[in-house]
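Everything quoted here is computed from the prediction, not taken from an experiment.
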Amino acid sequence: MANSEYEYVKREFELDSLLPPSNWIVVRIDGCHFHRFSKIHTFEKPNDERALRLMNACATSMLEKFPDIVFAYGVSDEYSFVFREETEFYQRRESKILSLCVSYFTSVYVMKWKDFFPNKELKEPPYFDGRVVCYPNLKTIRDYLAWRQVDCHINNQYNTCFWSLVKSGKTEKEAQQALKGTFSKDKNELLSQQFQINYDDEPAIFRKGSCVYRDKVETMVKTDRCGNPIKRTRLVITNANVDIIGPEFWENHPYILREEKCRYENVMKFDINHRLPPCNWTVVRIDICKFEQFSLIHSFDKPNDEAALRLMNASASLMMESFPDIVFGYGFSNEYSFVFQDKTELYQRQESLILSSCTSRFTLFYMMKWKDFFPNKDLVEPPHFEAELLCYPKQKILCDYLSSRQAECHTTNQYSTCFWMLVKSGKSENEAREILKGTLSKDKNELLFQQFHLNYNNEPAVFRKGSCTYRQKVEESADAEGRENTTRERWDL
């Protein structure tokens, strides 16, 4: 960030929430409003195997992308990702880890949709929220995973009974009443006697959920002079539907988690929601992760790609339509800051839900709008975003934060304009950096004017000043019955 009078907003307010050391980190991701989503996309009941395999494919991509994830467990529209105990991923910054995981998962889900539903269009955007929970030892991390698998069994057994009753002609209310107060053995008897279904014969992916982990596999790499195979052990990402409550799986895979006796009664006490302080202006700042690589792969124009900027602005507009509590958005290059009104009660001001939901939706809107701005370019790599959540107690400090972002926009864009003009004129990138080293703003303006006959102040404002997204009052004509046309005010983006 450039030195300026506004820099205090970063120094004094952008405090990182670090996760405690020597704790196992779990990021649990859940689909938002997936009952509605599954209904709109006519998922099979009680289980849609294609939807589950899509979730598993997303989990596999997560392990490929983030090596510090050692184990993942998923059921229905939820997935839990376990990071190794001593991970230093993003210096254990909670907002970075959470937003990046949720964003990448959302991005992969959309990209892989057609692989599993080739004949179904996405009628409504899927998005996810998430939370980060820390567990202090191996016993509790094993208990956590056991708890999720127990939950899988309970929910799936109930749903199997419920939908069998509905498909047999009962109403949903009648099915609920029939199952009220029943135990596990009662449900097994109901399935066996009324529908000739042995619950234990149901596919394991439904009953046990899915585990994704790196398994040790022996592969032949070559043969010796006598023709005998020479084998090497390597780790391969594997998907399995197995029991993880008992000890057998962990005894056979001691390199994932060490053996501990399984207990899961006290798991919930670690699941704590952090709430934002009241009457503070909340800012969610979203950045494209590894933007230089992403822009290079997709051949963005340098120093600015107007289509890419308009795509960011379109995504920001959809964010404001989706979240009425967002009162202002400011963006440039690969970042956007969204200001929530100070008295917002969105998600009861739960930090993780606000952060993850915003990141997931922005990722989704960016992908949905891609073809509108790049009709001849395919998404080669899934975009993923990281985000931070900031709180400012006074409006003046908030305004200074926004001023600091626009100051950063000016400084960054002026430098980039000079840099790429020098490169396009024949200089190497190292030479361009050396020429610009230590230059002030006026020096860069002179360089652009004298060498390239370019007046920086005449460059498009979207490059120099960034973009503001907000609601403003507009007047529109309204026909009144029996009277002349009248005007009325409304808010418009």
Side-chain angles (χ1 to χ4, degrees), residues 1-18 91 93 95-96 99 276-288 291-292 303-304 309 312-313 316 320 326-344 351 355 358 385-421 432-433 435-449 454-472:
M1 183 176 181
N3 289 325
S4 72
E5 62 180 297
Y6 309 115
E7 190 174 5
Y8 78 95
V9 298
K10 177 177 178 66
R11 184 177 62 253
E12 296 180 16
F13 289 96
E14 294 192 19
L15 303 176
D16 292 317
S17 176
L18 302 181
Q91 296 78 51
R93 293 156 70 186
S95 62
K96 295 282 188 181
S99 57
L276 301 173
C279 297
N280 271 245
W281 295 89
T282 301
V283 176
V284 175
R285 188 170 73 221
I286 296 174
D287 298 81
I288 299 182
F291 180 66
E292 287 302 319
N304 295 288
L309 294 175
M312 291 287 286
N313 291 341
M320 292 193 73
I326 296 177
V327 295
F328 191 81
Y330 175 76
F332 70 96
S333 184
N334 63 312
E335 81 167 50
Y336 235 100
S337 295
F338 296 100
V339 181
F340 286 79
Q341 59 175 304
D342 56 344
K343 291 182 172 58
T344 181
E351 182 178 351
L355 189 70
C358 285
F385 298 77
E386 61 186 27
E388 294 179 86
L389 198 150
L390 317 168
C391 283
Y392 300 107
K394 298 177 184 175
Q395 191 175 30
K396 181 188 182 302
I397 301 171
L398 171 66
C399 291
D400 285 349
Y401 164 79
L402 294 168
S403 297
S404 77
R405 300 322 300 147
Q406 192 167 60
E408 181 78 359
C409 170
H410 161 72
T411 304
T412 303
N413 185 67
Q414 189 185 43
Y415 180 93
S416 297
T417 303
C418 293
F419 178 86
W420 287 106
M421 291 299 290
R433 290 190 194 96
I435 291 169
L436 294 173
K437 191 175 181 180
T439 56
L440 304 176
S441 181
K442 65 176 183 178
D443 303 324
K444 296 183 182 74
N445 279 345
E446 287 177 9
L447 181 150
L448 290 170
F449 187 78
L454 189 154
N455 185 336
Y456 179 74
N457 292 326
N458 291 336
E459 287 291 284
V462 68
F463 301 160
R464 295 181 294 111
K465 297 181 182 293
S467 300
C468 302
T469 306
Y470 55 94
R471 296 176 188 86
Q472 62 181 1

Checklist entry - In terms of ring plane angle, is the pair Phe328 and Tyr470 parallel, tilted or perpendicular, where the classes change at 30° and 60°? => result parallel
Checklist entry - How are the rings of Tyr415 and Phe419 set to each other: parallel, tilted or perpendicular (split at 30° and 60°)? => result parallel
Mind checking whether [X] and [Y] have side chains closer than 4.5 Å, heavy atoms only?
X      : Y      : answer
Tyr392 : Asp400 : no
Phe332 : Asn413 : no
Glu388 : Arg93  : yes
Ile397 : Trp281 : no
Leu402 : Val339 : yes
Ser337 : Val283 : yes
His410 : Ser441 : yes
Leu447 : Thr439 : no

For [X], what residues pass the side chain to side chain donor-acceptor pair (under 3.5 Å) criterion, not counting sequence neighbours?
X      : result
Thr412 : none
Asp287 : none
Ser416 : none

How close do [X] and [Y] get, counting heavy atoms only, and between which atoms?
X      : Y      : result
Gly466 : Cys409 : N-SG, 3.5 Å
Cys358 : Ile286 : O-CD1, 3.9 Å
Leu389 : Cys391 : CD2-SG, 4.2 Å
Cys418 : Leu436 : CB-CD2, 3.7 Å
Tyr330 : Gln406 : OH-CA, 3.3 Å

Point-to-point distance, once rounded to the nearest 0.5 Å, from [atom1] of [X] to [atom2] of [Y]:
X      : Y      : atom1 : atom2 : value
Asn304 : Phe463 : CG    : CZ    : 4.5 Å
Asn457 : Phe449 : CG    : CZ    : 11.0 Å
Phe385 : Asn334 : CZ    : CG    : 8.5 Å
Arg285 : Ser99  : CZ    : OG    : 11.5 Å
Cys399 : Tyr6   : SG    : OH    : 10.5 Å
Leu355 : Leu276 : CG    : CG    : 9.5 Å

Between [X] (side chain only) and [Y] (backbone N and O only), is there a donor and an acceptor less than 3.5 Å apart?
X      : Y      : value
Arg471 : Met320 : yes
Asn445 : Asp443 : no
Arg464 : Glu459 : yes
Asn280 : Thr282 : no

Next on the checklist: Does Lys465 have more than 12 heavy atoms from other residues, nucleotides or ligands lying within 6.0 Å of its NZ?
Outcome noted: no
Checklist entry - Given the rule in the side-chain contact (heavy atoms from CB on, under 4.5 Å) test, do Thr417 and Lys444 qualify, once you have shown the distances and angles that lead to the verdict? => result CA-CA 9 Å; Thr417 303; Lys444 296 183 182 74; over 6 Å; no
Checklist entry - Tyr336 and Phe338: aromatic ring centres closer than 6.0 Å? => result yes
